[in-house]
Amino acid sequence: NAGVMQNPRHLVRRRGQEARLRCSPMKGHSHVYWYRQLPEEGLKFMVYLQKENIIDESGMPKERFSAEFPKEGPSILRIQQVVRGDSAAYFCASSPLEISNQPQHFGDGTRLSIL
Amino acid sequence: GQQLNQSPQSMFIQEGEDVSMNCTSSSIFNTWLWYKQEPGEGPVLLIALYKAGELTSNGRLTAQFGITRKDSFLNISASIPSDVGIYFCAGTPKGRDDKIIFGKGTRLHILP
């Protein structure tokens, strides 16, 4: 009964490199959400996806950030040309179709550190 | 207008005490959710509330959806050491059922 799986748990990148964060939702869940958390802060919504569709990306910066949830495989959050300010914990959550607007289950996050 | 104000920001209590925290907004919310996050882990959903006035329990935890739909509270009775963590309220604003907004969290510390 695997939960939401995120990898890697920790990712270190130098400024200018690319970061790829992966999220496999719970079995049977077709909705994925990405959140960003800074120390001592709550979670900030970034993007909401269904399989092959971006439903809401209003929380995601227009440049350097992209997300996808392909028909097969995990959801990917991609950050190009990372900067120091991208350092944060990135959490993925999933929910089943019938309560699609509520992230019921979170992964344990990827902690991104930019050197 | 759709921000959530969560208070208190942190609490220091003795084991066995009851705990109360709340979340308010100037906007109406259709759903209230309460999560707990422990260090190095993702948030875990504790209680979900869907109707104004709803009062729901999960063990020693009780949460209520305020009648005005602009607030919610979470109570923890007879706290134990494993209750330590950050408690987040979250909700979906009226008219935006596809959007979840999180509060900044209440950090609960239990004194030995």
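Below, read A as the first sequence line, B as the second, and so on, with proteins coming before strands; counting in each chain starts at 1.
Hydrophobic clustering (ILVMFWY, side-chain heavy atoms < 4.5 Å, transitive): A:Y90 and A:M5 are in distinct clusters. Transitive grouping of hydrophobic side chains (ILVMFWY, heavy atoms separated by less than 4.5 Å) keeps A:V83 and A:M46 in distinct clusters. The hydrophobic cluster containing B:L46 also contains B:W32, counting ILVMFWY residues as joined when their side-chain heavy atoms lie under 4.5 angstrom apart, directly or transitively. Put simply, A:V4 and A:I76 are part of two different groups of oily side chains (I, L, V, M, F, W, Y) that touch within less than 4.5 Å, one to the next. Both A:I79 and A:V32 are members of a single hydrophobic cluster when ILVMFWY side chains are connected at heavy-atom separations under 4.5 Å.
Here A:D56 contributes atom CG and B:I100 contributes atom CD1; the two are 11.5 Å apart, rounded to the nearest 0.5 Å.
With a 4.5 angstrom heavy-atom cutoff, B:Q9 does not touch chain A via any of its atoms. For chain B, the nearby part of A:Q37 is the side chain; its heavy atoms alone come within less than 4.5 Å.
Around atom CD of A:Q81, no more than 12 heavy atoms belonging to other residues, nucleotides or ligands sit under 6.0 Å away. Other residues, nucleotides and ligands place more than 12 heavy atoms under 6.0 Å from the CZ atom of A:R9. Summarising the local packing, NZ of A:K51 is surrounded by more than 12 heavy atoms from other residues, nucleotides or ligands at distances under 6.0 Å. No more than 12 heavy-atom neighbours from other residues, nucleotides or ligands sit within 6.0 angstrom of CD on A:E63.
B:V44 places none of its side-chain heavy atoms less than 4.5 Å from the side chain of A:F106.
Annotation: residues 104-112 of chain B contacts chain A through B:K104, B:R107 [non-hydrogen atoms, separation under 4.5 Å].
A distance of 6.0 Å or more separates the ring centres of B:F102 and A:F45.
Summarising the geometry of B:Q37 relative to A:F91, their closest heavy-atom pair is NE2-CZ, 3.3 Å, with the distance given to 0.1 Å.
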